[in-house]
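Structure provided below as structure tokens; questions to follow.
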Number of protein chains: 2
Amino acid sequence: MNKNNISKIRIKDIAGLAGVSAGTVDRVLHNRGEVSEKTRKKVLEIIRELDYQPDILASLLAAKRNFRIAVLIPEVNQGSTFWRYPMEGIEDGLREIMHFGISLERYFFDYFDRKSFIEKSAKVIESMPQGLVLAPVFAEEATSLVKRCREIKIPVVLVNANVCLENCIAFVGQDSFQSGMVAAKIMHYGLKDNDRILIVNFMKKEVGRQAHIVKREEGFRSFYESNLKHHGKAFGFLNVTDVSEKNMEMVLEDAISSSSEQLKGIFVTNSMVFHVARFLEKNDLNDIVLIGYDLLEENMTYLKKGIIDFLISQRPYEQGFKSIMALFHHLVLKKEVDRDQFLPIDIITKENLGHYIYK
Amino acid sequence: MNKNNISKIRIKDIAGLAGVSAGTVDRVLHNRGEVSEKTRKKVLEIIRELDYQPDILASLLAAKRNFRIAVLIPEVNQGSTFWRYPMEGIEDGLREIMHFGISLERYFFDYFDRKSFIEKSAKVIESMPQGLVLAPVFAEEATSLVKRCREIKIPVVLVNANVCLENCIAFVGQDSFQSGMVAAKIMHYGLKDNDRILIVNFMKKEVGRQAHIVKREEGFRSFYESNLKHHGKAFGFLNVTDVSEKNMEMVLEDAISSSSEQLKGIFVTNSMVFHVARFLEKNDLNDIVLIGYDLLEENMTYLKKGIIDFLISQRPYEQGFKSIMALFHHLVLKKEVDRDQFLPIDIITKENLGHYIYK
DNA sequence: CTGAAAGCGCTTACAG
DNA sequence: CTGAAAGCGCTTACAG
């Protein structure tokens with residue numbers, strides 16, 4: 001009575017004050033009609049006055065409601081280990097909210113196989129979950145999935161890449177352009193003004209040109225553009241589609257020797273940076289600054305060895321965690337969720353790596 | 001029936017199988033005695049076999065239990081704005097868990113006033129909360145508070161600084177030593193091998209020598225120690241107790257001109273780095289790399305201007321969030337919580353600052 | 001040591 | 001359009 005009487009107004013209290021039954025209050029609360037305008041007004045008035053907050057625990061218990069959330073993301077295999085971390089974030093998030101009657105359906109597609117994405121999409125739709133966490137790797141197919149979800153009223157949260165956001169409730173990921181700027185800043189800080197820099201893009205034919213990769217490169221270039229002294233600075237550029245050691249050897253040797261000036265920095269626009277690191281290690285090119293993305297096992301190994309100097313990380317674990325939480329807030333707590341949820345752009349070095357690693 | 005029959009075993013079911021009543025099962029479940037060893041065994045057996053998971057929502061609702069969590073941290077005032085962010089994290093965490101009947105009592109002490117810490121400690125004890133989030137700014141006093149809490153069975157989570165952890169359930173904060181190493185790595189990466197570096201410590205008499213400040217400096221030095229080439233490298237060193245502009249002017253001018261070699265980098269071991277930045281700006285010392293801690297308003301201003309080059313951040317918001325969550329897991333969900341919860345050591349530049357700022 | 005009953009605050013048919 | 005009753009899964013006295 002003394003300490004805990006804060007906001008303990010119950011439906012019963014409202015009903016009493018309005019001179020109606022609890023059932024009627026409930027009908028008003030959930031807009032399920034069958035209430036005369038007059039009583040509706042009266043009840044709403046009282047609710048507002050008392051700032052009534054429903055007891056969500058009791059509500060969930062009584063309604064025996066169950067939420068099925070689906071997640072459609074790439075499977076983890078040796079060609080693609082990144083998605084392990086978002087999935088861990090999702091599972092941990094699930095553990096926090098499962099008491100609210102939430103269950104998770106997991107759908108994994110092959111990162112390099114458009115068809116498998118389409119197949120799994122169909123399965124998701126077939127299952128009719130109450131919400132979806134989606135990694136829109138294949139932009140076109142993802143867009144049509146999102147549109148379909150819109151039609152059948154399944155709220156979608158996009159994770160990691162942003163596609164067709166207008167039909168989704170939120171995007172959780174990184175600001176790719178800005179992350180490229182960060183990479184450039186770090187690169188520039190460690191080099192001298194006229195040092196030669198190479199930008200390396202990895203692009204598998206199966207996947208195509210991904211928007212966030214393009215943005216990263218643009219961000220990188222724009223750092224130099226916005227700096228008067230470097231306006232118009234020229235970069236070496238390399239587009240790699242074949243990651244075999246032999247090919248890597250060939251194209252990198254070529255790129256490095258293509259100018260009389262010594263190459264001082266390499267920026268790789270995605271997580272495939274370890275392929276470049278392997279080459280640098282083998283050829284004892286220790287004085288080239290190498291910057292890339294993501295804490296893959298291979299990348300971390302080269303970071304610890306000092307071959308990779310910096311990795312940009314996108315907080316994959318948090319991306320997963322926040323995605324499922326966004327859906328939870330939307331579905332269960334009926335709260336507004338932020339549409340754009342950009343995670344910080346983390347700069348990882350050998351020295352701070354330890355505390356970024358997920359258990 | 002088809003999809004949602006997963007783990008929907010109820011107390012009633014257990015009771016039925018054991019041939020007892022729900023009340024008895026409950027008594028076993030909560031170890032509140034008054035059950036014959038024989039029935040106890042039987043009930044436990046069935047619980048294990050069926051992997052019974054109690055419905056925590058129903059449990060909380062029926063028990064009408066209320067948890068009061070206290071937080072004892074520095075107040076936010078102009079001399080100390082850092083604690084705004086942990087507090088925001090705590091409030092946001094609270095919002096996530098308030099449905100479980102959790103309320104928060106806020107106790108703020110003056111960062112520079114030992115007495116006020118002692119006073120507020122007494123109030124906390126007097127109130128007898130079920131849990132405490134504590135910023136142990138004054139090591140000695142905090143230790144005895146923690147001991148007292150131990151005696152009266154109030155679980156404590158330490159936030160930001162680590163003191164007397166053996167009597168607490170968790171520490172949430174940063175690895176200070178490592179953060180110093182990170183600062184050194186960044187510093188070193190941008191300078192030439194023999195450039196002169198100055199370490200600046202701010203220390204208010206009222207607070208004394210704080211363990212985490214010492215550790216940061218040690219970490220910074222150890223980076224160079226562990227690098228053969230720099231073994232024995234000498235640093236300039238400055239201990240500032242008076243932050244007036246006049247004094248800052250004097251001591252910094254002195255430190256800078258104390259050697260014929262030009263000073264190239266300054267490492268400030270805490271958030272007071274803006275005092276140094278002000279000096280550098282005023283005296284047009286643009287080519288000195290300046291690294292310090294924490295995203296205070298003043299620091300962010302100088303970071304944007306390019307006077308401060310890097311800030312190390314300790315994720316203050318997350319520190320608050322994780323602290324209250326740790327207590328929640330311990331008290332309500334009865335889960336094990338990690339004892340050491342080190343947050344990543346974030347490297348902030350002008351370019352990635354944007355996405356680190358808390359709303 | 002054990003069980004039956006009432007209740008937590010909300011929702012869901014059902015009867016009118 | 002409205003109310004009374006039963007129930008969600010668990011807990012809490014109370015009676016025996």
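Scope of the values below: all heavy atoms of this structure, side chains included, with no hydrogens, waters or symmetry mates. What you are looking at is a predicted structure, and each value in this text was computed from that prediction instead of being measured.
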Exercise. Would you kindly give the CZ-to-P distance between B/R65 and D/dC10, to the nearest whole Å?
Key: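 So the CZ-P distance, B/R65 to D/dC10, works out to 13 Å.
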Quiz item: Hey, do the aromatic rings of B/F100 and B/F328 have their centres closer than 6.0 Å?
Solution: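 Ring centroids of B/F100 and B/F328 are less than 6.0 Å from each other.
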Practice problem: Measure the spacing between CZ of A/R106 and CD of A/E91 and express it to the nearest 0.5 Å. | Solution: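 Here the interatomic distance stands at 4.0 Å.
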Self-check item: Watson-Crick or G-U stems of DNA chain D, 3 or more pairs, under 3.5 Å, by first number
Solution: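 Stem segments, range with range: C:1-3 with D:14-16, C:5-12 with D:5-12, C:14-16 with D:1-3.
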Side-chain donor-acceptor distances from residues 117-126 of chain B under 3.5 Å, at least two apart:
| unit_1 | atom_1 | unit_2 | atom_2 | d |
| --- | --- | --- | --- | --- |
| B/K120 | NZ | B/F108 | O | 3.4 |
| B/S121 | OG | B/F117 | O | 2.7 |

Quiz item: For B/Y52 and B/I11, which heavy atoms make the closest approach, and how far apart are they?
Solution: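 The pair with the smallest heavy-atom distance is OH-CG1, 3.2 Å.
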Quiz item: Taking all non-hydrogen atoms of both residues, which atom of A/A161 and which atom of A/P136 are closest, and how far apart?
Solution: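 Taking A/A161 first and A/P136 second, the nearest heavy atoms are O-CG, 3.2 Å.
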Quiz item: Taking only side-chain nitrogens and oxygens of A/T39, does any of them come within less than 4.0 Å of OP1 or OP2 of D/dT2?
Solution: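 A/T39 to D/dT2 OP1/OP2: side-chain N or O found under 4.0 Å.
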Self-check item: N or O in side chain of B/S36 less than 4.0 angstrom from C/dT2 OP1/OP2
Solution: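 Answer is yes, contact under 4.0 Å.
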Quiz item: Can you find a heavy atom in the side chain of A/H330 that is under 4.5 Å from one in the side chain of A/K335?
Solution: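 Not touching, per the 4.5 Å side-chain cut-off.
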Self-check item: Side-chain heavy atoms of B/S59 within contact of B/P54, under 4.5 Å
Solution: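 Side-chain contact under 4.5 Å: no.
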Quiz item: Taking atom C1' of C/dC1 as reference, at what distance in whole Å does atom NZ of B/K42 sit?
Solution: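 Taking NZ of B/K42 and C1' of C/dC1, I get 15 Å after rounding.
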Exercise. Return the value, rounded to whole Å, for the distance between atom CZ of A/R27 and atom C1' of C/dC14.
Key: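 Going from CZ in A/R27 over to C1' in C/dC14 covers 11 Å.
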Quiz item: Given B/V25, which of B/L17, B/D13, B/I46, B/I14 fulfils the side chain to side chain contact (heavy atoms under 4.5 Å, CB included) condition?
Solution: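 It is B/I14, the one option of B/L17, B/D13, B/I46, B/I14 that forms the side chain to side chain contact (heavy atoms under 4.5 Å, CB included) with B/V25.
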Exercise. Please determine if B/R150 and B/E166 form a salt bridge, counting it only when a charged side-chain N lies under 4.0 Å from a carboxylate O.
Key: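 No, this pair does not count.
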Quiz item: Atom CZ of A/F100 and atom C1' of C/dC10: how far apart are they, to the nearest Å?
Solution: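 Value for this atom pair: 15 Å.
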Give me the distances for all protein-to-nucleotides 5-9 of chain D N/O pairs that come in under 3.5 Å?
| unit_1 | atom_1 | unit_2 | atom_2 | d |
| --- | --- | --- | --- | --- |
| D/dC8 | O2 | A/A62 | N | 3.2 |
| D/dG9 | OP2 | B/R10 | NE | 3.3 |
| D/dG9 | N2 | B/A58 | O | 3.2 |

Exercise. Would you mind classifying the nucleic acid contact of A/G101 as base, sugar-phosphate or nothing, using non-hydrogen atoms under 4.0 angstrom?
Key: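 The residue A/G101 makes no contact with any strand.
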Exercise. Compare side-chain N and O positions of B/T24 against OP1 and OP2 of C/dT2 and report whether any pair is under 4.0 Å apart.
Key: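 Answer is no, no contact under 4.0 Å.
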